[in-house]
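Below is one structure, written out as structure tokens; comments come after it.
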Amino acid sequence: MINRNPNNSKSFLKAHWMFAGSATLLASCAVSTPIEVHSITATAVDQPAQIAIALSEGGDEALKTRFAAALIGSFADRGISVAEDGILVADYALSISPAEIGVQNAEARDNPSTKQAEWIALPRSPRRFDKCEALSLRGTLFLLDRTTGTAAYRGRGHATDCEFDDAAIRELADRLVADFIVKQ
């Protein structure tokens with residue numbers, strides 16, 4: 001026969017509920033989400049030795065220039081150089097914006113027969129215990145096969161955090177390039 005002290009059971013339950021409530025509050029203040037990459041591979045191509053990348057000319061496109069440099073470094077780390085006559089042509093985009101702003105598929109948004117909008121990136125609702133204004137980092141890499149005119153790779157990555165520096169941009173570039181290599 002097991003004897004239990006009823007007071008110990010009550011204190012155990014109180015502690016359990018306090019722990020569960022604290023864990024919920026702490027989880028709700030976490031702004032950071034790791035980079036997620038989603039991609040499609042339209043056609044399989046041999047891993048190229050060279051890729052052509054259209055470089056930005058600076059100005060208002062400083063963020064795009066930083067992403068281009070990160071992509072060039074990521075390809076170089078995998079033995080792929082950048083040259084004007086590369087078999088694959090890379091196009092890319094990068095944005096950093098408030099996480100409350102989502103990205104919606106334009107066709108779904110403009111078509112009234114679509115009952116539910118298709119989101120490319122869902123907007124994030126602010127949470128009471130957020131430690132900052134959450135930002136979203138979104139990047140896209142598109143590789144076109146110059147010889148056939150077909151898409152060889154299309155990938156997009158997304159992360160949420162309080163701020164993004166060059167290391168975060170490089171990590172996004174590394175993840176997209178690694179995903180392309182794996183899909184080949």
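Just so it is clear, the model here is predicted, and its values are computed rather than measured.
Note: the hydrophobic cluster containing L63 also contains Y92 (ILVMFWY, side chain heavy atoms under 4.5 Å, direct or indirect links). Cluster membership for L141 and I96, using ILVMFWY side-chain heavy atoms within less than 4.5 angstrom, is shared. In the hydrophobic clustering of ILVMFWY residues, with side-chain heavy atoms under 4.5 Å counting as a link, L144 and L176 come out apart. Both V82 and I80 belong to a common hydrophobic cluster when Ile, Leu, Val, Met, Phe, Trp and Tyr are linked at side-chain heavy-atom distances under 4.5 angstrom.
The minimum heavy-atom distance linking L135 with C162 is given by the pair CD1-O, 3.3 Å. For the residue pair G139 and L94, the shortest heavy atom distance occurs at CA-CD1, 3.9 Å. Of all heavy-atom pairs spanning H158 and L172, the tightest one is N-CD1, 4.5 Å. What you find for F67 and T140 is that their closest heavy atoms are CE2-O, 3.8 Å.
One finds the CG atom of D174 at 11.5 Å from the CD1 atom of I181 (value rounded to the nearest 0.5 Å). Annotation: the span from L143 atom CG to I53 atom CD1 amounts to 8.0 Å, rounded to 0.5 Å. The OG atom of S39 lies 11.0 Å from the CZ atom of R154; values are rounded to the nearest 0.5 Å. With rounding to the nearest 0.5 Å, the separation of CD1 in I51 from CD in E84 is 15.0 Å. Separating the CZ atom in F180 from the CG atom in L71 is a distance of 12.0 Å, to the nearest 0.5 Å. In this structure, CZ on F164 lies 5.0 Å from CG on L137, to the nearest 0.5 angstrom.
Looking at D77 and R170, a side-chain N of the basic residue comes within less than 4.0 Å of a carboxylate O on the acidic one, giving a salt bridge.
No more than 12 heavy atoms of other residues, nucleotides or ligands shown are found within 6.0 angstrom of CD on E163.
Looking at heavy atoms from C-beta onward, I87 lies out of side-chain contact with Q50 at the 4.5 angstrom threshold.
No donor-acceptor pair under 3.5 Å is formed between the side chain of R66 and the backbone N or O of A62. R175 places a side-chain N or O within donor-acceptor distance of the main-chain N or O of I35, the cut-off being under 3.5 Å. T33 places a side-chain N or O within donor-acceptor distance of the main-chain N or O of T160, the cut-off being under 3.5 Å.
Counted by atom type alone, S97 and R138 present one or more donor-acceptor pairs between their side chains at under 3.5 Å.
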In sequence, state the C-alpha distance, the side-chain angles, and the governing distance for V31 and C132, and then conclude on side-chain contact (heavy atoms from CB on, under 4.5 Å). CA-CA 8 Å; V31 171; C132 64; 4.1 Å; yes

Take T150 and D145 through the side-chain hydrogen bond (donor to acceptor under 3.5 Å, both in side chains) test and state the conclusion after the steps. CA-CA 5 Å; T150 59; D145 187 332; 4.8 Å; no

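For D179, the salt bridge (charged side-chain N to carboxylate O under 4.0 Å, His left out) partners are K183, not counting sequence neighbours.
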